[in-house]
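For the numbers below, each heavy atom of this structure counts, side chains included, while hydrogens, waters and symmetry mates do not.
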Amino acid sequence: MSSTWLITGATSGFGRLVAGRALAGGAHVIAVGRRRDRLAELAELAESAPHGQVTPVALDLTAPDAQDVLAEAVRSAGGLDVLVNNAGYGLFGAVEQIDADTARAVFDTNVLANLAVLRATLPALRAARGRILQTSSLIGQFAWPSSGLYAASKGAVELISEALAHELAPTGVKVTIIEPGTYATEFSTSLQVIAPNDVYLPTVGRFLTDFAALPPQAFGDPETVADAIMAVAELDEPPLRLAVGADAVEHIRASLRSRLAELDRWESFPRVPVGERA
């Protein structure tokens, strides 16, 4: 694999697993993350890879200069073949109870930083007719009680990515949205959770209690997601969306069926012409 990858969120979870696989295949990995100690661990791992190389970039992707820092890293690497736009974090709580600063922060990281990464890398990706893998979630397609703001941030990534895929089609750059189900990564143990008040105990509280009670076997092996990312990056005609995990497929399918049923039910709902409204 004589290629250059840029991976955000490369120090934990899916990003860390993908970085390890890319290195083992001989890639040059521009590894982006906040934790310098974990970036150093990746650099050590590269020393044991036959041809792999790591360029560590310790960076807060919400920083004002993040786009410039990443663009310079790509220029120094001589180009870019694959982007794994993976950084983000989870926020769970009732919509009403999440204050403006908390809501803004999750969108800054999950959406606006994602856009900054795209702006920094797209010129090089176009030149290489490269690949973009955008990490979303099964709840980028629908929302559970408590997931409104997080699901909204991932829904934004989904629609941005869909538009991007259409816009880039003539250039040869391929875009795939990865929609993982529930996996045993650091993400699932480091969620920001806003405890529900009495109003939302029957809905948000019930959901959070049920989620916390899930047995270990309910959480999939994250290696599966890393394998899927590596495989789809090699496809000549990759899918726009790839749901990974039986729970992701099941829940997304159920959501789509529900939406279609609602569309069928209400498609003939009376529509009053504008001029006839009281």
Open item on the list: If you count every heavy atom of other residues, nucleotides or ligands that lies below 6.0 Å from Arg259 atom CZ, does the total exceed 12?
Closed with: no
Open item on the list: Under a 3.5 Å threshold, yes or no: a donor from one side chain and an acceptor from the other, between His28 and Ser3?
Closed with: no
Open item on the list: Working to the nearest 0.5 angstrom, can you tell me the gap between Leu125 CG and Lys174 NZ?
Closed with: 14.0 Å
- [ ] Give a yes or no on whether Tyr183 and Ile7 share a hydrophobic cluster (residues Ile, Leu, Val, Met, Phe, Trp, Tyr; joining criterion: side-chain heavy atoms under 4.5 Å apart).
- [x] yes
Open item on the list: Starting from Leu240, can I reach Leu83 by hopping between I/L/V/M/F/W/Y residues whose side chains sit under 4.5 Å apart?
Closed with: no
Task: Side-chain heavy atoms of Asp210 within contact of Leu208, under 4.5 Å - done: no
Open item on the list: So does Thr102 get a backbone contact from the side chain of Asp99, meaning a donor-acceptor N/O pair under 3.5 Å?
Closed with: yes
- [ ] For Ser76 and Glu72, indicate whether the former's side chain and the latter's backbone hold a donor-acceptor pair under 3.5 Å.
- [x] yes
Open item on the list: Closer than 3.5 angstrom, by distance alone: can the side chain of Thr121 be matched with the main-chain N or O of Val117 as a donor-acceptor pair?
Closed with: yes
- [ ] Count the heavy atoms of every other residue, nucleotide or ligand shown that sit under 6.0 Å from CG of Asp37, and state whether that count exceeds 12.
- [x] yes
TODO: Provide the closest heavy-atom pair for Asp60 versus Arg34 in the form atom of the first, atom of the second, distance.
DONE: OD1-NH2, 3.3 Å
Open item on the list: Walk me through whether Thr8 and Asn86 qualify under side-chain hydrogen bond (donor to acceptor under 3.5 Å, both in side chains).
Closed with: CA-CA 5 Å; Thr8 65; Asn86 171 72; 5.4 Å; no
TODO: Calculate, to the nearest 0.5 Å, the distance between atoms CG and CG belonging to Leu242 and Leu133 respectively.
DONE: 9.5 Å
TODO: Only pairs at least two apart or in different chains count here, so list each ring-ring contact (aromatic ring centres under 6.0 Å, His included) that has a residue in residues 223-255.
DONE: Trp144-His251
- [ ] Could you tell me which non-hydrogen atom of Ala46 sits nearest to which non-hydrogen atom of Leu23, and how far apart they are?
- [x] CB-CD2, 4.0 Å
Open item on the list: Could you check whether Arg16 pairs with Glu41 (Lys NZ or Arg NE/NH1/NH2 to Asp/Glu carboxylate O, under 4.0 Å)?
Closed with: no
Open item on the list: Evaluate Thr55 against Thr4 for side-chain contact (heavy atoms from CB on, under 4.5 Å), listing each step before the verdict.
Closed with: CA-CA 10 Å; Thr55 295; Thr4 300; over 6 Å; no
- [ ] Any chance you could measure Ser161, atom OG, to Ile177, atom CD1, to the nearest 0.5 Å?
- [x] 4.5 Å
Open item on the list: So that I can tick it off, tell me whether Glu162 and Arg241 are bridged by a salt bridge, with the cut-off set at under 4.0 angstrom between side-chain N and carboxylate O.
Closed with: yes
TODO: Could you grab the distance from atom CD1 of Ile229 to atom CH2 of Trp5, nearest 0.5 Å is fine?
DONE: 8.0 Å
Open item on the list: Restricting to non-hydrogen atoms, name the atom on Pro196 and the atom on Gln97 that form the minimum distance, rounded to 0.1 Å.
Closed with: CA-OE1, 3.2 Å
Open item on the list: Just so I know, are the side chains of Gln53 and Val29 near enough to count as touching, which here means a heavy-atom distance under 4.5 Å?
Closed with: no
Task: For the student: nearest non-hydrogen atoms of Ala105 and Tyr89, plus distance - done: C-OH, 3.3 Å
Open item on the list: Let me confirm one number: the CG-OG1 distance from Asn114 to Thr109, rounded to the nearest 0.5 Å.
Closed with: 11.0 Å
Open item on the list: Please report the interatomic distance CZ(Phe142) to OG(Ser147), rounded to the nearest 0.5 Å.
Closed with: 7.5 Å
Open item on the list: A side-chain contact here means heavy atoms from C-beta on lying under 4.5 Å apart; do Leu138 and Val249 qualify?
Closed with: no
Task: same_hphob_cluster(Val95, Leu91) at 4.5 Å side-chain heavy-atom cutoff - done: yes
Open item on the list: With a 4.5 Å cut-off on side-chain heavy atoms, are Phe14 and Ile178 touching?
Closed with: no
Task: Neighbour count above 12 (heavy atom, 6.0 Å) for Glu262 CD - done: no
- [ ] Begin with the C-alpha distance, continue with both residues' side-chain angles, and end with the deciding distance and a verdict on side-chain contact (heavy atoms from CB on, under 4.5 Å) for Phe92 and Phe207.
- [x] CA-CA 10 Å; Phe92 281 68; Phe207 176 84; 4.3 Å; yes
Task: Verify same cluster id: Val84, Val157 (apolar side-chain graph, 4.5 Å) - done: no
- [ ] State whether Lys154 and Glu179 are salt-bridged, where the test is any N-O pair (Lys NZ or Arg NE/NH1/NH2 against Asp/Glu carboxylate O) under 4.0 Å.
- [x] no
TODO: For the pair Trp266 and Phe269, name the ring-plane relationship: parallel under 30°, tilted 30 to 60°, perpendicular over 60°.
DONE: perpendicular
Open item on the list: Using side-chain heavy atoms (C-beta onward) and a distance below 4.5 Å, is Met230 in contact with Val18?
Closed with: yes
- [ ] Write down the atom of Ala31, the atom of Val54, and the distance for their closest heavy-atom approach.
- [x] CB-CG1, 4.3 Å
Open item on the list: Is the shortest side-chain heavy-atom distance between Arg126 and Leu168 below 4.5 Å?
Closed with: yes
TODO: Could you tell me whether Asp227 and Arg21 make a salt bridge, using a distance below 4.0 angstrom between a side-chain N and a carboxylate O?
DONE: yes
Task: Heavy-atom check, side chain of Leu256 versus side chain of Gln141, under 4.5 Å - done: yes
Open item on the list: Which heavy atom of Leu191 sits nearest to which heavy atom of Gly90, and what is that distance?
Closed with: CD2-CA, 3.8 Å
Open item on the list: If we count only N and O atoms by modelled type, under 3.5 Å, do the side chains of Gln192 and Tyr150 hold a donor and an acceptor together?
Closed with: no
Task: Check: Pro239 main-chain N/O paired with Thr176 side-chain donor or acceptor under 3.5 Å - done: yes
Open item on the list: Using a strict threshold of under 4.0 Å (side-chain N to carboxylate O), is an ion pair present between Arg104 and Asp108?
Closed with: no
Task: Hydrophobic cluster membership, Leu6 vs Leu164, 4.5 Å side-chain cutoff - done: yes
